[in-house]
Enquirer: 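Below is one structure. I have some questions about it.
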Amino acid sequence: MGEPAEESRRTDEGGTKSKDFIRQIIDKDLRTGRYNGVHTRFPPEPNGYLHIGHAKAICLNFGIAEEYGGLCNLRFDDTNPLREEEEYVQSIIEDVRWLGFDWEDRLFYASDYFDQLYEWAVQLIKDGKAYVDDLSPEEIRQYRGTLTKPGRESPYRNRSVEENLDLFERMRRGEFPDGSRVLRAKIDMASPNLNLRDPVMYRIIHASHHRTGDKWCVYPTYDWAHGQSDSIEGITHSICTLEFEGHRPLYDWFLDQLGVHHPRQIEFARLELSHTVLSKRKLRLLVEDGYVSGWDDPRMPTLAGLRRRGYTPEAIRNFCNRIGVAKTNSVIDVALLEHCVRDDLNKRAQRVMAVLRPLRLVIDNYPEGQVEEFEVENNPEDPGMGTRKVPFSRVLYVERDDFMEDPPRRWFRLAPGREVRLKGAYYVTCVDVVKNEAGEVVELHCTYDPESRGGVTPDGRKVRGTLHWVSAEHALDAEVRLYDRLFLKADPEDVDEEGADFRANLNPNSLEVLTGCKVEPSLADAKVGDHCQFLRLGYFCVDPDSAKGKLVFNRTVTLRDTWGKIAKRVGAR
RNA sequence: UGGGGAGUCGUCUAAUGGGCAGGACAGCAGACUCUGGAUCUGUGGGUCGGGGUUCGAGUCCCUGCUCCCCAGCCA
């Protein structure tokens, strides 16, 4: 409680302290005594899967609570039985946990408060602050006015308290059909803020709710449920996104009329990420229309998708802490997210060798039938991760991309007559190239230098290139799924043709499935979810589609590719 | 058009009773390297426009411009 611990303050890379505007407001509230502690909440509606944008809100709410020695609740905003499902509740719980946050025994639902909300509505009616309206949805819209013209009062606006009480009670009992009546707050039909033009508090929905079943047929709207739920839970700072800014006067109004604990609502800009979409509607469309395999498709920006792709909670949390919090609408470059996962995996992922597009390499002067085992470091960033043995023999596989018959300038890899190092093993020199009738290179012949055992020679001569490889005889087969950005443009909504939508910018090559990949035998007992670095290629993780004897890897992200940039300039590839 | 918000390097984000516009990602250049990885070093690049006030303005005043949100019985 009170001031945050010094060491938990957010600092930038330079070490200077800087707090976002929300933390500054909280500091002030604590200083002035408006609140004595900090209690936040993360309030998702269970109508879809959580995505990276939610991660920002989760890290903000749970992070702030932690920093200030306060608490953060997980609360499902389940006020609309038509859209919400238990499946989503479960996935959300799983995702928030996976991200690394704990709400202890404070898992709540807005539906926990339906009785209290109903009582409070009755209280407002008695106070003459709410009334039952018989207008149809269409009429309500017409009476609301427009942005520039004030609304008109409903002819039912001045019913007696008794009649309102009676009607509201009968609404609750199920005497009226859906849409026939609503309960509205009596505020001001001429307000320039449309949210204050007698907003709807209850609507009739004869549908069963995932938690309250058929107990209710009137359900509170967001505006009526949210602030009161915050109040009941003793929330101090109700952090939400910018689009609710115009609702704050209403949030405050309800709480003031009721005279109950009054949290402060603070709005911040939701996260937007380049090369993807982050709206439930669009994500749902991608899933339902089969553009992706599901909510957890590794190309999806959902937490389930990112997890399957191989992103770690640490990488995502670090990302959320680095993007900042402000009120400016902004789009974060997905490159920052990629940087964060590389940064995390670089420190933790075990290095292994895998050949994605195998090319046979025969070492002519290596004894037939001989097998050597080389000890290779598991992670040069962390010697503590130890070493492993990798078998080597006369016939190997190397990456097709690592050989060029007629290489451009600055090519350090294999080519006729070139000598390279096979990581941790020997130097080999390409002496012959075998092609098929189509003229494609199908096999390389090399000689090795026995003196170079272990990857260094007594004469100390240098080779510029070091290649990864696997022994043909010992290699395991694997399927590897290469993922790329889901959308071609940074802004998927940037479409040329009239009538086209973001789907026109879908990247047709966002998924490439490679079969017949060869991986080193140490991967034999890799488990689903395991992360590793395929040397020189990128970070990968084991997909749930894997089975005994059938390994499937997802590429999380490539390594930074300096050669790729050079090649582009040189005009190679 | 009414109301509510927001404009700082390419992209995010600091600079808070006016005081050298800083960092990160991305880019570029180099060093190092048994991953063309990692690491290290260096480098270019910004205050929406126009007026003011001031010794001094991203910050204060005036004015203009641009962008976002609101007319669900969605959240």
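Note on naming: letters A, B, ... go to the chains in the order of the sequence lines (proteins, then strands), and numbering restarts at 1 for each one. Note that these values count all heavy atoms, side chains included, but never hydrogens, waters or copies made by symmetry.
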Enquirer: Would you indicate what A:L467 reaches in the nucleic acid, counting non-hydrogen atoms under 4.0 angstrom: base, sugar-phosphate, or nothing?
Expert: nothing
Enquirer: B:rA57 and B:rG49: how far apart are their P atoms, nearest whole angstrom?
Expert: 15 Å
Enquirer: So what stems show up for RNA chain B if we need 3 or more Watson-Crick or G-U pairs in a row, all under 3.5 Å?
Expert: B:2-7 with B:65-70, B:10-13 with B:22-25, B:27-31 with B:39-43, B:48-52 with B:60-64
Enquirer: Checking A:R536 side chain against A:T466 main chain: does a donor-acceptor pair fall under 3.5 Å?
Expert: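 Yes; at least one donor-acceptor contact below 3.5 Å.
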Enquirer: Out of B:rU35, B:rA71, B:rC74, which nucleotide sits closest to the side chain of A:R144?
Expert: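 Per side-chain heavy atoms of A:R144, the pick is B:rA71.
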Enquirer: Taking the nucleotide of RNA chain B with the nearest heavy atom to each, does A:I140 or A:E377 sit closer to the 5' end?
Expert: A:E377
Enquirer: Taking only N/O atoms, report every protein-nucleotides 17-20 of chain B pair under 3.5 Å with atom names and distance.
Expert:
none

Enquirer: Ring-plane angle category for A:F502 and A:F487, please: parallel below 30°, perpendicular beyond 60°, tilted otherwise.
Expert: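 Plane angle between 30° and 60°, so tilted.
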Enquirer: According to side chain to side chain contact (heavy atoms under 4.5 Å, CB included), who are the partners of A:R170, at least two apart in sequence or on a separate chain?
Expert: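 A:R170: side chain to side chain contact (heavy atoms under 4.5 Å, CB included) contacts with A:D166, A:L167, A:R173, A:E175, A:F176.
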Enquirer: Please state whether the phosphate of B:rC25, meaning OP1 or OP2, lies under 4.0 angstrom from any side-chain nitrogen or oxygen of A:H339.
Expert: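 Yes.
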Enquirer: Please enumerate all protein N or O atoms sitting under 3.5 Å from an N or O of nucleotides 43-47 of chain B, with distances to 0.1 Å.
Expert:
none

Enquirer: Tell me whether the rings of A:Y448 and A:Y426 are parallel (<30°), tilted (30 to 60°) or perpendicular (>60°).
Expert: perpendicular
Enquirer: List for me each residue that meets salt bridge (charged side-chain N to carboxylate O under 4.0 Å, His left out) alongside A:R172, sequence neighbours excluded, and say none if there are none.
Expert: A:E169
Enquirer: Is the A:F534-A:F553 ring centre distance short of 6.0 angstrom?
Expert: yes
Enquirer: Using the six-membered ring wherever Trp is involved, compare the ring planes of A:W216 and A:Y118 and label them parallel, tilted or perpendicular (cut-offs 30° and 60°).
Expert: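 Correct class here is tilted.
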Enquirer: Between A:H54 (side chain) and A:H51 (backbone), is there a donor-acceptor pair under 3.5 Å?
Expert: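 Checking the backbone N and O of A:H51 against the side chain of A:H54, a donor-acceptor pair under 3.5 Å is found.
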Enquirer: Please state the C1' separation for the pair B:rC67 and B:rC32 - nearest whole angstrom.
Expert: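 Rounded to whole Å, the distance is 46 Å.
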Enquirer: Closest-nucleotide mapping onto RNA chain B: is A:R141 or A:V456 further toward the 5' terminus? I mean the 5' end.
Expert: A:V456
Enquirer: Could you tell me which residues satisfy salt bridge (charged side-chain N to carboxylate O under 4.0 Å, His left out) with A:R400, sequence neighbours excluded, listed by chain and number?
Expert: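 Testing A:R400 for salt bridge (charged side-chain N to carboxylate O under 4.0 Å, His left out), a comparison that skips the adjacent residues, returns none.
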Enquirer: Hey, what's the ring geometry for A:F244 with A:H247, parallel, tilted or perpendicular (30° and 60° as the breaks)?
Expert: perpendicular
Enquirer: Check salt bridge (charged side-chain N to carboxylate O under 4.0 Å, His left out) between A:K327 and all other residues, then give those that pass, not counting sequence neighbours.
Expert: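 Scan of A:K327 (salt bridge (charged side-chain N to carboxylate O under 4.0 Å, His left out), adjacent residues dropped) gives A:E245, A:E267.
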Enquirer: Give a yes/no on whether any side-chain N or O of A:K327 is located under 4.0 angstrom from OP1 or OP2 of B:rC69.
Expert: no
Enquirer: Could you tell me which residues satisfy ring pair (Phe, Tyr, Trp, His ring centres under 6.0 Å) with A:F76, sequence neighbours excluded, listed by chain and number?
Expert: A:Y109
Enquirer: Using the test salt bridge (charged side-chain N to carboxylate O under 4.0 Å, His left out), find all partners of A:R159 that sit at least two apart in sequence or belong to another chain.
Expert: A:D134, A:E163
Enquirer: A:L135 near the nucleic acid: base, sugar-phosphate alone, or nothing, with a heavy-atom cut-off under 4.0 Å?
Expert: base
Enquirer: For the base of B:rG37, is there a side-chain donor-acceptor partner from A:E381 under 3.5 Å away?
Expert: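 Between B:rG37 and A:E381, which were checked side chain against base, a qualifying N/O pair under 3.5 Å is present.
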Enquirer: Using atom names, set out every protein N or O paired with an N or O of nucleotides 1-3 of chain B below 3.5 Å, distance rounded to 0.1 Å.
Expert:
unit_1	atom_1	unit_2	atom_2	d
B:rG2	N9	A:L147	O	3.3
B:rG2	N2	A:P192	O	3.3
B:rG2	N3	A:L147	O	3.2

Enquirer: For B:rA6 versus B:rA14, give the span between their P atoms, rounded off to a whole number of Å.
Expert: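 So the two P atoms sit 13 Å from each other.
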Enquirer: With rounding to the closest Å, how many angstrom separate the P atoms on B:rC20 and B:rG2?
Expert: 39 Å
Enquirer: Looking only at heavy atoms, what is the nearest atom pair of A:E399 and A:L537, with distance?
Expert: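 Answer, listing the atom of A:E399 first, then A:L537: OE1-CD1, 3.8 Å.
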Enquirer: Does A:K28 put a side-chain nitrogen or oxygen below 4.0 Å from OP1 or OP2 of B:rU16?
Expert: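 Checking A:K28 against B:rU16: no side-chain N or O falls below 4.0 Å of OP1 or OP2.
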Enquirer: Is any side-chain nitrogen or oxygen of A:R203 closer than 4.0 Å to OP1 or OP2 of B:rG72?
Expert: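 The answer is no; no side-chain N or O of A:R203 sits under 4.0 Å from OP1 or OP2.
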Enquirer: Which of residues 458-466 of chain A sit near RNA chain B, with a heavy atom under 4.0 Å from it?
Expert: A:T466
Enquirer: Between the side chains of A:E86 and A:H210, does any donor sit under 3.5 Å from an acceptor?
Expert: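 A:E86 vs A:H210: donor-acceptor pair found between side chains.
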Enquirer: Please check if the side chain of A:N379 supplies one atom and the backbone of A:M385 the other of a donor-acceptor pair under 3.5 Å.
Expert: no
Enquirer: How about A:Y49 and A:Y88: are their ring centres within less than 6.0 Å of each other?
Expert: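 Distance test on ring centres: under 6.0 Å, yes.
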Enquirer: Taking only the side-chain heavy atoms of A:D77 (C-beta and beyond), determine which of B:rA26, B:rG36, B:rA75 contains the nearest atom.
Expert: B:rA75
Enquirer: Write out a two-atom table: protein N or O, nucleotide N or O from nucleotides 8-12 of chain B, distance below 3.5 Å.
Expert:
unit_1	atom_1	unit_2	atom_2	d
B:rU11	O3'	A:V331	O	3.3
B:rU11	O2'	A:V331	O	2.9
B:rC12	OP1	A:V331	N	3.0
B:rC12	O5'	A:V331	O	3.2
B:rC12	O2'	A:I323	O	2.8

Enquirer: When the P atoms of B:rG22 and B:rG44 are compared, how many Å lie between them, rounded to an integer?
Expert: 11 Å
Enquirer: For a quick check of understanding: with a heavy-atom distance under 4.0 Å over all strands, which category does A:W469 fall into, base, sugar-phosphate or nothing?
Expert: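 Counting heavy atoms under 4.0 Å across all strands, no contact is made by A:W469.
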Enquirer: Report the C-alpha distance between A:W469 and A:Y397 in whole Å, list the side-chain angles of each, state the deciding distance to 0.1 Å, and finish with yes or no for ring-ring contact (aromatic ring centres under 6.0 Å, His included).
Expert: CA-CA 6 Å; A:W469 51 273; A:Y397 288 115; over 10 Å; no
Enquirer: Less than 4.0 angstrom between a side-chain N/O of A:R560 and OP1 or OP2 of B:rA38, yes or no?
Expert: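 For B:rA38, OP1/OP2 do have a side-chain N/O of A:R560 under 4.0 Å.
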